[in-house]
Protein chains: 2
Amino acid sequence: MARPTPEAPVLPLDTIMSGDCVAAMNALPENSVDLIFADPPYNLQLRGELHRPDNSMVDAVDDHWDQFESLKAYDHFTDRWMKAAHRVLKPDGAIWVIGSYHNIFRVGASLQDRGFWILNDVVWRKTNPMPNFRGKRLTNAHETMIWASKSESSKYTFNYEAMKAANDGVQMRSDWTFPLCTGHERLKNARGEKAHPTQKPEALLHRLLVATTNPGDVVLDPFFGTGTTGAVATMLGRHFIGIEREEEYRQLAAERIAKVRPLEREALETTTSKRAEPRVPFGQLVERGMLRPGEELRSGNGRHRAKIRADGTLTGDGVKGSIHQVGAAYEGAPSCNGWTYWHFRREGKSVSIDTLRQQIRDEMVKMN
Amino acid sequence: MARPTPEAPVLPLDTIMSGDCVAAMNALPENSVDLIFADPPYNLQLRGELHRPDNSMVDAVDDHWDQFESLKAYDHFTDRWMKAAHRVLKPDGAIWVIGSYHNIFRVGASLQDRGFWILNDVVWRKTNPMPNFRGKRLTNAHETMIWASKSESSKYTFNYEAMKAANDGVQMRSDWTFPLCTGHERLKNARGEKAHPTQKPEALLHRLLVATTNPGDVVLDPFFGTGTTGAVATMLGRHFIGIEREEEYRQLAAERIAKVRPLEREALETTTSKRAEPRVPFGQLVERGMLRPGEELRSGNGRHRAKIRADGTLTGDGVKGSIHQVGAAYEGAPSCNGWTYWHFRREGKSVSIDTLRQQIRDEMVKMN
DNA sequence: GGCTCCGGTGAATCTCGCC
DNA sequence: AGGCGAGATTCACCGGAGC
């Protein structure tokens, strides 16, 4: 762990803070966590979960149910924790919030109003939802998660290749199918009852954290409950900070997380995207003699050709410029990836120049 | 049609009103329509051009009607049309609104603020969404629909048994899977281009109207576009009132609806009986238009025939029920596999309906 | 006629780092 | 902070052409 400095104050990593989540978040340094996962109370009628701005409890349910008063109270509650969450998040950080139709529209609107930039809404499709017993509506078989960056310009983390690989080689969609948390995964309290009414499945957090964090990142969960976020973060080599008001939940979560064995470093490595690999200038291929100045390149479709010049640019048909510029000019396209566009001949075969770039990158890896 | 009285003023049934939807709705009598389906502008806020990896350009939704100065301006627009919608809706009426993450949270919050009572949020899962071409986010593969009654105490319409029957004997869930509107269903304008950038699939409206209206009900669509709501309502024996500002859309919608052949009365009756529980929803074949309500099926031996109803059940010779029940009744057998028993005609040939089920299963496999 | 191949396209808030 | 240039990036389906 780095020594505390004014620039990098100590974070209570891998611990569970007690008390109100707003106060706890405000006790953390600003711009300090990479990701927030928030599973706030859904049910507008669970008034015990709600607090007024002055932190007093909202009155208990009485005979006269005023839904507008309750919506207002819920909005206040949302504004308070979301403001604190915004403050503690790094500029390039992101937030996930999960909810149902009771609260998610208010949460989503608040996120936008506060300047968060929505990246996706993701639907958790439950394979085994609770049926609608009265037969008066559709079976409520999903919940909604909103993924948003701190601002429109945030450079948020998204492990595209990892998600694509996990989805059999095609892009991961915005609908995720998982069963509810049941069986042995479902935590029991000392009385043998289910410990928490809305414990989320670890599979959900697993995908979410692999998608939008990197190993070593700090994940904050202001409504920690029985600590699913902490358990999965620990397993995946991410740090967590939990906040939970209820002593019983904190206790259960701590015991649960203590049993988690982190995955080995090797298992945590995800498919690297090409974007993350070091840049190799085309000129280096010429400098190293992998390609000769004067040698001719052809487009993959065989329709165009160009000559390599000593400075690593191409020329042909009156066009000069980088491998990308000449390719784009030939194709009349706004842009072109010259690395995959151009080919050269070796031993009678047509080979993409990208294979030469890959050779250089492999050498660079070996040197580390 | 009933004679106009002070209690039941004349409604412009089965017509398309022109002009601004707020003014048009305010010109209608209050408390007069059974259902509203609203597909308002999404306020996409697209920035620049987007190209596919093959350098072709994506045809963006950059129409003037989707441009708003700010979130505040969009909220103002939403408040205005929603207030007018609330007024024109019967006390026991309901509303559907469809949107994406750009606007749906604001729409949902506005619905709640105005006293609408959310019954479900429904996810339209697209089997064939547009990919995320830059690999920067999850593929945006769904849209969200909110179903809400006018007030908490509204006695809204929900054809539970029809939905259950269409879902092959188990409760209909809140996630609906349909392809985008493409191919011949997609309307073209006089110039041969797609007539409207956001035409919704008829299958979506089919399920929605069967679920939450009865034959003879009045369905209002304040953002009529090319009239999918009117076409499906007409086919299903519901009245529609459309409102559309653009002359070209009104013209195309009118031509489209004029071609619709309403289903026979018998095909429209919704199921009230319980059914056995088979595995793959026959109703989906109807919703998707693979089989047409009113179309005749014949038994493989050619001795029996039955007609398809809009909710995915069959009727004939005084028998009503699932494909299995009707087959069993005809054969005097205790049970019958309707999937292999029933056949339909395509291009002069007799084809088992099981081939259609297989098509859907193939899609489902591909989606997981 | 049937099959394969190929081009087109869909409500999309769709790059990043250096100078 | 804005401009510039490198270079990374797509899935399911429909329909027409061609064989």
Side-chain angles (χ1 to χ4, degrees), chain A residues 92 112 116-121 148-149 152-153 155-156 158 160-161 164 167-174 273-277 279-283 312 321-325 327-328 333-342 353-354 357, chain B residues 39-63 65-68 71 74 98-104 124 126-144 179-186 193-194 196-201 223 225 347-348 359 362-363 366-367:
Chain A
D92 288 338
Q112 292 178 307
F116 284 102
W117 193 246
I118 298 182
L119 300 167
N120 278 115
D121 59 336
S149 57
E152 184 178 356
S153 58
K155 294 180 181 67
Y156 56 90
F158 178 55
Y160 172 77
E161 291 292 345
K164 188 171 174 178
N167 197 33
D168 278 347
V170 293
Q171 295 186 337
M172 184 65 77
R173 298 164 43 107
S174 56
S273 80
K274 269 193 172 174
R275 279 193 184 92
E277 293 187 51
R279 198 175 94 82
V280 178
F282 176 72
S322 72
I323 52 173
H324 314 292
Q325 290 169 328
S335 72
C336 170
N337 184 343
W339 288 108
T340 52
Y341 183 79
W342 293 110
I353 60 174
D354 206 24
R357 178 171 66 161
Chain B
D39 183 8
Y42 289 6
N43 188 24
L44 286 188
Q45 307 172 65
L46 303 179
R47 300 286 192 253
E49 293 182 343
L50 179 64
H51 292 86
R52 298 185 180 79
D54 66 3
N55 274 323
S56 64
M57 198 164 69
V58 174
D59 184 14
V61 179
D62 52 5
D63 304 68
W65 46 255
D66 198 45
Q67 307 300 321
F68 295 86
L71 281 179
Y74 187 79
I98 185 168
S100 67
Y101 67 82
H102 310 84
N103 72 324
I104 198 65
W124 169 28
K126 303 175 183 181
T127 58
N128 51 349
M130 188 159 71
N132 185 294
F133 295 117
R134 311 307 292 263
K136 296 304 295 180
R137 303 182 180 188
L138 299 160
T139 303
N140 196 3
H142 75 275
E143 293 186 23
T144 300
L180 294 168
C181 178
T182 59
H184 291 303
E185 190 186 323
R186 191 87 193 209
E193 309 153 341
K194 68 180 173 194
H196 193 283
T198 70
Q199 186 181 341
K200 297 293 176 290
F223 307 98
E347 295 161 15
Q359 284 179 27
D362 289 348
E363 280 184 24
K366 269 188 278 181
M367 285 192 56

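Bear in mind the structure is a predicted one, so any value in this text is a computation, not a measurement. Within every chain, numbering begins at 1; the chains are lettered A, B, ... in the order of the sequence lines, protein sequences first and strands thereafter.
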How many Å lie between CG on A:Asp354 and P on D:dA6, as a whole number?
-> 16 Å
Distance, rounded to the nearest Å, where B:Asp59 contributes CG and C:dA11 contributes P | 10 Å
From D:dT10, D:dA6, C:dA11, nucleotide with atom closest to A:Gln325 side chain | D:dA6
With syn defined as a glycosidic angle within 90 degrees of 0 and anti as anything else, the base of D:dT10 is anti
Between D:dT10, C:dA11, D:dG7, which nucleotide has the shortest distance from any of its atoms to the side chain of A:Lys164?
-> D:dT10
Are OP1 or OP2 of D:dC11 and a side-chain N or O of B:Asn128 less than 4.0 angstrom apart?
-> no
Specify the separation, in whole Å, of atom CE of A:Met172 and atom C1' of D:dT10.
-> 16 Å
Do the charged groups of A:Arg357 and A:Glu277 touch, with an N to O distance under 4.0 Å?
-> no
Contact under 4.0 Å: B:His51 side-chain N or O vs D:dT9 OP1/OP2 = no
Of the nucleotides D:dC11, D:dA8, D:dG7, which has the atom closest to the A:His324 side chain?
-> D:dG7
Rounded C1' spacing from D:dG5 to C:dA12 in Å = 24 Å
Base, sugar-phosphate alone, or nothing: which one does B:Val58 contact when heavy atoms must sit under 4.0 Å apart?
-> base
For B:Ala141, does its backbone N or O pair with a side-chain atom of A:Ser174 as donor and acceptor, under 3.5 Å?
-> yes
Kindly give the heavy-atom pair with the smallest separation between A:Met172 and A:Asn167, and that separation in Å.
-> CA-ND2, 3.8 Å
Atom NZ of B:Lys194 and atom C1' of D:dG15: how far apart are they, to the nearest Å?
-> 17 Å
Could you tell me whether B:Thr182 contacts a base, only the sugar-phosphate backbone, or nothing, with contacts defined as non-hydrogen atoms closer than 4.0 Å?
-> sugar-phosphate
Using atom P of each nucleotide, how far apart are C:dA11 and D:dG15 to the nearest Å?
-> 15 Å
In the strands shown, is D:dC14 matched to any nucleotide by a Watson-Crick or G-U wobble pair with both distances under 3.5 Å, and which?
-> C:dG7
Between B:His102 and B:Ser100: side-chain donor-acceptor atoms closer than 3.5 Å | yes
Name the closest nucleotide to the B:Ala60 side chain, picking from D:dT9, C:dA12, D:dG7.
-> C:dA12
With sugar-phosphate taken as primed atoms, P, OP1 and OP2 and all else as base, the protein-contact string of nucleotides 13-19 of chain C at under 4.0 Å (heavy atoms; B, S, -) is BBSSS--
Can you check whether B:Leu138's main-chain N or O pairs, donor with acceptor, with A:Arg173's side chain at less than 3.5 Å?
-> no
Can a donor-acceptor pair under 3.5 Å be found between the side-chain atoms of A:Thr340 and the base atoms of D:dA8?
-> no
For B:Glu185, answer base if it contacts any base atom (sugar-phosphate contacts may also be present), sugar-phosphate if it contacts only those atoms, and nothing otherwise; contact means non-hydrogen atoms under 4.0 Å.
-> nothing
Testing D:dT10, D:dA8, C:dG10 for proximity to the side chain of A:Gln171, the answer is D:dT10
Round to the nearest Å and state the distance from B:Gln199 atom CD to C:dT9 atom C1'.
-> 14 Å
Quick one: is D:dA8 close enough that its OP1 or OP2 comes under 4.0 Å of any side-chain N or O from A:Arg357?
-> yes
Heavy atoms under 4.0 Å, any strand shown: does B:Pro201 hit a base, just sugar-phosphate, or nothing?
-> nothing
Spell out, as yes or no, whether a donor-acceptor pair under 3.5 Å connects the side chain of B:Asp66 to the backbone of B:Leu44.
-> yes
Inter-nucleotide P distance (D:dT9, C:dT9), Å rounded = 25 Å
Please report, rounded to the nearest Å, how far the P atom of C:dG10 is from the CE atom of B:Met57.
-> 12 Å
Do NZ/NE/NH1/NH2 and the carboxylate oxygens of A:Glu161 and A:Lys274 come within less than 4.0 Å?
-> no
Within this structure, what is the OH-to-P distance between A:Tyr341 and D:dT9, rounded to whole angstrom?
-> 20 Å
B:Leu180 atom CG is separated from C:dG8 atom C1', nearest whole Å, by 14 Å
Considering just the side-chain nitrogens and oxygens of A:Ser322, establish if one lies under 4.0 Å of OP1 or OP2 belonging to D:dA6.
-> yes
Taking atom P in both D:dG7 and C:dC19, compute the distance separating them and give it to the nearest angstrom.
-> 14 Å
Interatomic distance, CZ@B:Phe223 vs CH2@B:Trp65, rounded to 0.5 Å, equals 10.5 Å
For D:dT10 versus C:dG7, give the span between their C1' atoms, rounded off to a whole number of Å.
-> 15 Å
Under the 3.5 Å rule, do the base of C:dG8 and the side chain of B:Arg52 count as making a donor-acceptor pair?
-> no
So which nucleotide does D:dT9 pair with, by the Watson-Crick or G-U wobble rule with both distances under 3.5 Å?
-> none
Take B:Asn55 and A:Ser335 through the side chain to side chain contact (heavy atoms under 4.5 Å, CB included) test and state the conclusion after the steps.
-> CA-CA 7 Å; B:Asn55 274 323; A:Ser335 72; 3.7 Å; yes
